[in-house]
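These notes are about the structure you will find just below.
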Amino acid sequence: MFAIVDCNSFYCSCERLFKPAIWNKPVVVLSNNDGCIVSRTDEAKKLGVGMAAPYYQNKELIEENDVAVFSSNYNLYGDLSMRVMDTLRYLAGEENVEVYSVDEAFLKLEHIPIDQLEPAALHIKETVEQWTGIKVSVGVAPSKVLSKVANRLSKKSKVATNCIMVLRTEEEIQQALFKTPVNDIWGVGGRYAYKLKEQYGIYDAWQLRNMPVEWGKKNLGGVVGERLIKELNGTPCIEMKYPLENKKMIATTRMFGKPVTELKFLKEAVATYTSRAAEKLRRQSSAAKFIDVFVVTNDYEGKQYQYDPQSKHKYITLPYATSFTNELLHYALPLVDKLYKPGSRYLKAGVMLGGIVPDESIQGNLFLSPAKNTRRTLMEAVDNINFSQRDDVVKYVSSGLTRNWKMRQEMRSGRYTTRWEELFEVH
DNA sequence: TCTGGGGTCCTAGGACCC
DNA sequence: TCTGGGGTCCTAGGACCC
């Protein structure tokens with residue numbers, strides 16, 4: 001059996017943890033650059049605040065109803081996420097936990113007798129809540145897709161279910177699938193949902209479950225559709241994934257606080273993102289052979305203002321894989337010159353690293369030049385300093401010093417658990 | 001008159017997730 | 001004036017090899 005443990009309104013719950021004044025008030029958390037609403041409490045949902053809705057479109061509703069608003073505070077969320085995951089690993093055993101996202105984990109519950117699943121789920125839920133202060137929902141079923149179905153339904157009626165749902169019998173599964181529209185199935189996005197309804201008249205998970213596997217293979221993206229239908233039938237096809245694998249692509253991209261028009265600032269931003277991506281690369285002991293730099297513009301010369309972003313990419317394949325920031329910058333920055341057009345308004349830029357391989361220069365190495373060995377030590381020192389400060393206090397000058405293109409974060413709360421000077425105080 | 005088959009590697013693009 | 005960021009997996013098709 002699989003369980004999915006999912007934190008309720010995770011970012012909002014993190015904010016509430018340190019602020020009793022908003023325990024019973026609606027709360028929302030915004031995406032980077034204060035653009036969209038990415039987390040809402042039940043009270044905020046009830047008011048009609050949509051998921052991923054632009055903030056400025058909901059501002060009135062939010063102000064009228066005294067909703068607490070926060071910019072995202074990844075230092076805080078990341079740290080609390082680690083505490084939740086550590087608790088789950090303690091409870092289920094490290095080898096039975098797959099961290100699926102910042103606020104979700106799959107658990108493999110093999111050793112637990114069927115009639116003990118419910119108490120086990122309750123124990124997990126109560127322990128996490130007691131140890132971390134974060135509320136969670138638990139869905140348990142014979143496959144990952146079905147556990148997601150159970151989890152979603154448990155959240156829909158929190159009082160009746162106590163945020164726990166276990167699907168064991170055929171009847172329980174059937175009832176749950178009846179109540180699940182296709183667009184709420186894990187693995188069915190907007191495109192497939194539209195296709196299922198319009199083209200095939202399939203509206204709920206029960207109908208989809210009863211389609212032949214071959215049909216799924218033909219119409220829902222090959223083996224992806226095949227697996228989906230099998231999973232809905234209770235045959236697990238999506239196995240647990242363990243975090244040994246390295247990332248195959250590393251990206252750092254950001255919107256600007258306000259549109260950028262000067263080449264100098266565009267380059268600063270790309271240098272900053274390259275440094276950040278290089279840091280992620282080194283953290284998994286990899287090197288990259290491929291750099292893709294892209295920019296997003298919103299130009300409307302002569303026309304009326306229109307939100308119509310256009311993206312342009314330039315990429316380069318390096319002569320050899322590297323994880324040194326200065327080498328990556330050396331190849332990345334000229335791409336900005338190629339992309340830049342005077343007069344354009346740049347909204348966003350990004351850097352993607354690909355062709356990722358294990359980093360062979362990681363050990364001091366007799367066959368590397370002395371300069372390279374020194375640089376390795378330098379990178380390590382920089383990474384250590386920046387990590388200990390949870391900020392890039394040591395950086396390349398090409399990243400800029402003032403950085404007035406940086407994203408907006410006007411309503412960020414304190415980094416209570418990761419910064420000494422922002423430690424939460426009780427008076 | 002007749003012109004193979006099997007394989008790898010790479011990239012672009014489409015779909016999805018939170 | 002204002003709409004996030006960071007990923008994954010899969011397929012098709014082209015280049016190239018013997």
Side-chain angles (χ1 to χ4, degrees), chain A residues 4-11 28-40 50-60 62 71-72 74 77-78 81 98-106 144-145 148 151-152 182-196 216-228 231 237-239 241 243 245-259 273 276-277 280-281 284 289-290 292 294 296 298 300 304-309 311 313 315 317 345 347-356 407-410:
Chain A
I4 178 97
V5 180
D6 188 323
C7 302
N8 300 345
S9 311
F10 181 55
Y11 292 175
V28 300
V29 174
L30 307 180
S31 65
N32 272 328
N33 217 31
D34 296 342
C36 293
I37 294 158
V38 289
S39 181
R40 308 159 295 158
M51 184 57 179
Y55 173 48
Y56 77 97
Q57 283 178 6
N58 286 267
K59 222 164 181 170
E60 216 166 289
I62 285 171
S71 301
S72 32
Y74 293 109
Y77 313 150
S81 168
E98 171 190 338
V99 177
Y100 178 65
S101 75
V102 69
D103 72 328
E104 276 179 61
F106 285 106
K144 279 185 171 177
V145 169
K148 289 283 248 181
N151 187 278
R152 174 180 163 277
V182 282
N183 41 292
D184 285 327
I185 301 170
W186 186 53
V188 177
R191 298 294 174 100
Y192 286 163
Y194 180 83
K195 190 168 165 185
L196 285 170
K217 191 171 183 174
K218 217 175 128 201
N219 297 292
L220 295 175
V223 301
V224 176
E226 185 180 347
R227 281 199 297 239
L228 182 60
E231 284 257 329
C237 305
I238 308 174
E239 276 310 315
K241 264 185 66 182
E245 302 136 53
N246 283 329
K247 298 206 162 83
K248 294 162 187 162
M249 181 202 102
I250 288 174
T252 304
T253 71
R254 294 276 179 287
M255 296 283 299
F256 299 128
K258 52 179 191 260
Y273 305 157
R276 180 83 189 96
K280 295 184 198 170
L281 195 61
Q284 63 168 42
K289 229 182 302 193
F290 178 82
D292 180 338
F294 71 92
V296 177
N298 187 32
Y300 50 96
Q304 265 206 319
Y305 176 79
Q306 203 182 347
Y307 185 65
D308 181 26
S311 73
H313 291 253
Y315 56 82
T317 302
R345 301 165 75 251
L347 303 183
K348 177 180 185 172
V351 174
M352 289 195 271
L353 302 180
I356 290 177
M407 65 179 175
R408 281 191 299 269
Q409 273 196 318
E410 285 160 5

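Below, chain A is the first sequence line, B the second, and so on; all start at residue 1.
- Residue A:Leu347 is classed as having no contact, given no heavy-atom separation below 4.0 Å to the nucleic acid.
- Using a 4.0 Å heavy-atom distance criterion, A:Arg227 is classed as a sugar-phosphate-only contact.
- At whole-Å resolution of the value, CG in A:Asn219 and P in B:dC16 are 14 Å apart.
- Within the 4.0 angstrom heavy-atom criterion, only backbone atoms of the sugar-phosphate kind lie near A:Asn32; the bases stay farther away.
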Practice prompt. Both distances under 3.5 Å, Watson-Crick or G-U wobble: on that basis, could you give the dot-bracket string for DNA chain B, with [ ] for crossing pairs and | for other-strand partners?
Written response: ....||||||||||||||
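- Take A:Phe106 and apply the ring-ring contact (aromatic ring centres under 6.0 Å, His included) test, not counting sequence neighbours, and it matches A:Tyr100, A:Trp186.
- A donor-acceptor pair under 3.5 Å links the side-chain atoms of A:Glu98 to the main chain of A:Lys241, judged by distance alone.
- Counting non-hydrogen atoms under 4.0 angstrom, A:Val223 reaches the backbone sugars and phosphates but no base.
- Nucleotide B:dC17 holds its C1' atom 15 Å from the CG atom of A:Asn151, rounded to whole Å.
- In this structure, A:Lys348 reaches the C:dG5 phosphate: one of its side-chain N or O atoms is under 4.0 Å from OP1 or OP2.
- Distance A:Met255 CE to C:dG5 P: 6 Å, rounded to the nearest Å.
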Are any protein N/O atoms closer than 3.5 Å to N/O atoms in nucleotides 6-12 of chain B? If there are, list each pair with its distance.
from   : atom 1 : to       : atom 2 : distance (Å)
B:dA12 : OP1    : A:Tyr315 : OH     : 3.4

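- Across all strands, A:Ser72 comes closer than 4.0 Å to no nucleic acid atom at all (heavy-atom distances).
- Note: OH (A:Tyr55) to P (C:dT1) measures 18 Å, nearest angstrom.
- Residue-level contact check: A:Leu220 touches neither bases nor backbone, having no heavy atom under 4.0 Å from any strand.
- Residue A:Asp34 is classed as having no contact, given no heavy-atom separation below 4.0 Å to the nucleic acid.
- Contact check, A:Lys148 against B:dC18: a side-chain N or O comes under 4.0 Å of OP1 or OP2.
- If you measure from atom NZ of A:Lys144 to atom C1' of B:dC18, you get 14 Å, rounded to the nearest angstrom.
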